[in-house]
Amino acid sequence: VVLGSGDPAEVTETAPTTPPVSRQRNEPASTVRVVSKTLVADGVLSLELAAPSGGRLPDWTPGSHVDLFLPNDTVRQYSLCGDRFDPFRYRVAVLREPTSQGGSAFVHDELEAGATIGLGGPRNHFPLVPSESYLFIAGGIGITPLLPMVHQAHLLGAEWRLLYGGRRRDSMAFLDELARYRDRVLVRPEDEHGLLDLPDFIGAPRTGPRIYACGPAPLLAAAAAVCDSWPAHTLRVERFASDRTRRPARRTPFEVVLARSGITVSVTPDISVLDALNRAGVELLSSCRRGVCGTCETTVLEGRPDHRDTLLDEEDETADHMYVCVSRSRDDRLVLDL
Amino acid sequence: MTMLTLADPPASDLDPFSHEMLDNPFPMHAELREAGPVVYLTRYDVYALARYEQVHASLVNWQQLESSAGVGLTNLRRTEQFRPPSLLLEADPPRHDAPRRVLGQILTSRSLRRFRESWFSEAEALVADVLSAGPEFDAVTALAQALPMRVFPDAVGIGTEGRENLLPYGDHQFNAFVPTNDLGRNGEERGSALLPWINAQTSRDALAPVGFGADLAAAADRGDITPGMAAALVRTMLSAGIDTTVGGICAVLCAFATHPDQWQRLREDPSLARIAFDEAVRWQSPLQTFFRTAAVDVRIGDVAVPEGAKVLMFLASANRDPRRWDDPDQFDLSRDPSGHVGFGMGIHQCVGQHVARLEAEALLLALARRIRRFDLTGPVKQHHNNTLRAWESIPLRVTLD
């Protein structure tokens, strides 16, 4: 991993190319700017994202995904597939889904470099656990969470191999970046090789290797079937439903009512709930301001929060609390126990 | 972009680890802050950061300022220390990822809710015991050490034999980060002597079936960490989880003993207990310093710090930097202490911070229900430690309702 070039790099929370922004500490951590948009394979776009302030983005680990809140009021989840050692850039890759309801089609056709979009997470439900050997299985765009894992396994000196399938070679993203690993990576486009031969790749059950798979449901089902006789917890999978839809994104102001003090605060899209509370003179302990440390945990009495932190599962709709440094509201009104 | 000319940092022969400085480090912090964003300490060959901006930026910058070469004075690339490296404190990504994730999930404020009721009643019982023996006591032993010792070893799930080793082990361990002075040498020697006992507590058979230790063992069963990591993380909790909390509680009790008006405020509004503890952590910084090692040539302020150099971050000084805080030497409940670096910041931020906060909240609320006023009956004495701000004695007399 290249940490720096010959010139001393500056210890700063702002990217070297951007002048320090004095109010950086107060900007909501829950937005990113689209820096660039590049076609990396047939139907696959790569987006580079940066903090609007030019500052550091929240740290992440291989297997993480983010929520992107698109300007057409949809939310999509994408795996981070860039370099975790670069604190100033995220990269995601977006496959154009033929049946897109407004997520991937919007990203491909309408989202432009320079746009600012909402961010949730990063969260990781697919972490790379410690092992001396790994088998990675990617189907199509399922390469995205596995790409940083492959780099990391290599960095750690683990034994690893990647089986990467896709419809056609030119639809498979990141083959150029994988080329340096030579025969550790088996590239198997379906039109040349047919379906992936999982039994051959995975081999006989044994203790030690961890198997990571991401791709379409039939591929994951096949991997699970092959791993059925392996020790428990060997296979770890990430399902991606095409064009995952979670909820509409809200881009209008909402009200936060503080039940104990009787104060009502209006939260506009450009500030965080925490900042809105602070401006109203409400004292609330916080620390990291990026939804990581959990210090600003606040009990929600009414209304549905829009969880953008790294701590709660996005599926955890039953949570009775939220992290106000980054999380917002889905409803017109949230009542907090403050 | 204009290229800044890189300057030589101002040099200082101050010794932050002398007994005089450890007793009252705050004037030295002010001197270092005023000297510049980076100050070269000639006695130790380290680059010291005493301002909030550079300390905060360095804490979060794990890419360029690494921890795996040691967070003390010693460069672990060149010298071994008396114990194996911590999987959290002395590790960088990617090796840091899995242990941190697993322990972080065990210690979220949500998962600590299961302890809330029992820790609050333990605190009530402790306060009742202390007060039944009379209105005068030493807050260090009677409260600040007693509460963590009453709840934390049980929460981890270690055996009851030998728990008196825990406070000394933590003390030695934090001294050993600077092995060059009398405290550090003693810390290494006595820390090594206690290591076999500590290690014996971390084995799966020795741990209770319920607790943080059992949670770590379960994570190892799932393959999220290795069994060796689970044991090492128990050791980390035992060495980093007690003396630090004791220091935080001492700090907040000292604050209220010297600021009776603030205690009155807390009694009127007990929801200030959380703010009070963090304000005390900002004000005294139980964890005073940590080191990093430059992984590359790195520019801090206008100084080029060479690869391999040790960087000393004064968390305590950042927490009193007037560039960041108004009237920073004042303990003040109307201040928002959010953003202090007393628990660190970034990927190595204290994984047990919610444990410390819950213990402190339990104790403060139990005290607030009974005690109208604290008065010191003698001088407050510091306990010198190379890394911690610690207390030997806080002699108190309390006035009850």
Side-chain angles (χ1 to χ4, degrees), chain A residues 1-14 16-20 25 56 59 61-63 84-87 124 127-131 148 151-153 155-156 210 231-234 236 260 274 278 282-289 292-297 311-312 319 321 325 338, chain B residues 1 4 6 49 53-54 56-58 60-65 93-95 97-99 101 104-105 108-110 221-226 229 271-272 274-275 277-278 294-301 304-307 311 333-340 343 345-347 349-350 353-354 357:
Chain A
V1 171
V2 180
L3 282 173
S5 52
D7 294 330
E10 188 176 9
V11 172
T12 169
E13 286 161 54
T14 313
T17 50
T18 315
R25 203 172 50 233
R56 290 178 66 100
D59 293 308
T61 50
R84 65 177 305 199
F85 286 85
D86 180 352
N124 196 345
L128 191 64
V129 300
S131 179
H151 293 323
Q152 185 142 310
L155 185 69
L156 286 164
R210 303 290 168 189
H233 308 294
T234 296
R236 290 166 192 251
R260 276 188 273 154
L274 177 63
N278 285 162
V282 179
E283 275 196 7
L284 180 69
L285 200 62
S286 68
S287 181
C288 73
R289 289 186 163 267
V292 174
C293 73
T295 303
C296 65
E297 183 176 299
L311 293 150
L312 285 170
H321 61 284
C325 64
L338 284 174
Chain B
M1 182 185 174
L4 287 176
L6 298 181
L49 315 179
E53 185 187 344
Q54 283 76 33
H56 189 283
S58 298
V60 301
N61 187 349
W62 58 266
Q63 285 92 343
Q64 295 173 320
L65 293 167
R95 292 185 197 279
D97 296 347
R101 173 186 175 85
Q105 284 177 338
T108 61
S109 54
R110 252 208 304 186
D221 289 343
R222 292 191 304 268
D224 294 345
I225 48 175
T226 66
M229 287 175 178
S271 73
L272 284 172
R274 277 168 58 79
I275 293 271
F277 182 63
D278 269 65
V296 289
D297 291 346
V298 63
R299 199 181 102 201
I300 307 180
V305 174
E307 180 190 345
V311 174
L333 289 190
S334 57
R335 177 200 308 284
D336 180 1
S338 301
H340 73 73
F343 289 117
M345 197 57 72
I347 61 166
Q349 191 179 33
C350 177
Q353 59 182 298
H354 304 300
R357 289 194 179 110

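In what follows, chains carry the letters A, B, and so on, assigned in the order in which the sequence lines appear, proteins first and then strands, with residues in each chain numbered from 1.
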Colleague: Taking side chain as everything from C-beta outward and backbone as N, CA, C, O, which of these in Thr295(A) sits under 4.5 Å from a heavy atom of chain B? Side chain, backbone, both or neither.
Modeller: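 For Thr295(A), backbone and side chain are both near chain B.
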
Colleague: Under 4.5 Å from any heavy atom of chain A, what part of Arg222(B) do you find: side chain, backbone, both or neither?
Modeller: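 For Arg222(B), the contact with chain A is made by backbone and side chain together.
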
Colleague: Verify side-chain contact (heavy atoms from CB on, under 4.5 Å) between Leu128(A) and Arg101(B), making sure each step is shown before the conclusion.
Modeller: CA-CA 11 Å; Leu128(A) 191 64; Arg101(B) 173 186 175 85; over 6 Å; no

Colleague: Please evaluate residues Glu283(A) and Leu272(B) with respect to the criterion side-chain contact (heavy atoms from CB on, under 4.5 Å), reporting the C-alpha separation (whole Å), side-chain torsions for both, the decisive distance (0.1 Å), and the verdict.
Modeller: CA-CA 9 Å; Glu283(A) 275 196 7; Leu272(B) 284 172; 4.0 Å; yes

Colleague: Which atoms of Asn124(A) come close to chain B, meaning under 4.5 Å heavy atom to heavy atom: side chain ones, backbone ones, both, or neither?
Modeller: both

Colleague: Report which part of Gln105(B) has an atom under 4.5 Å of a heavy atom belonging to chain A: side chain, backbone, both, or neither.
Modeller: neither

Colleague: With a 4.5 angstrom heavy-atom cut-off, is it the side chain or the backbone of Asp278(B) that approaches chain A, or both, or neither?
Modeller: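 The side chain, not the backbone.
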
Colleague: One thing to verify: whether Arg84(A) and Asp97(B) come together as a salt bridge, which I'm taking to mean a side-chain N less than 4.0 angstrom from a carboxylate O.
Modeller: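 So Asp97(B) pairs with Arg84(A) through a salt bridge.
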
Colleague: Considering only heavy atoms, which portion of Leu333(B) lies under 4.5 Å from any heavy atom of chain A: side chain, backbone, both, or neither?
Modeller: backbone

Colleague: At a 4.5 Å cut-off on heavy atoms, which part of Arg357(B) comes close to chain A: side chain, backbone, both, or neither?
Modeller: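 It is the side chain, since no backbone atom gets that close.
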
Colleague: Among Arg210(A), Arg260(A), Arg236(A), which residue forms the greatest number of heavy-atom pairs with chain B at distances under 4.5 Å?
Modeller: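 Ranked by contacts with chain B, first place is Arg236(A).
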
Colleague: Counting only non-hydrogen atoms closer than 4.5 Å, does Pro231(A) touch chain B with its backbone (N, CA, C, O), its side chain (CB onward), both, or neither?
Modeller: neither

Colleague: Below 4.5 Å, heavy-atom pairs only: which of Gln353(B), His354(B), Gln349(B) has the largest tally toward chain A?
Modeller: His354(B)

Colleague: Measuring from Leu274(A):CG to Ser338(B):OG, what's the distance to the nearest 0.5 Å?
Modeller: 7.0 Å

Colleague: Once you round to the nearest 0.5 Å, how far does CD of Glu297(A) lie from CZ of Arg274(B)?
Modeller: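 It is 8.0 Å, given to the nearest 0.5 Å.
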
Colleague: Working to the nearest 0.5 angstrom, can you tell me the gap between Leu312(A) CG and Arg110(B) CZ?
Modeller: 4.5 Å

Colleague: So which of Gly223(B), Gly104(B), Ala98(B) has the largest heavy-atom pair count under 4.5 angstrom toward chain A?
Modeller: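 Max contact count across the listed options: Gly223(B).
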
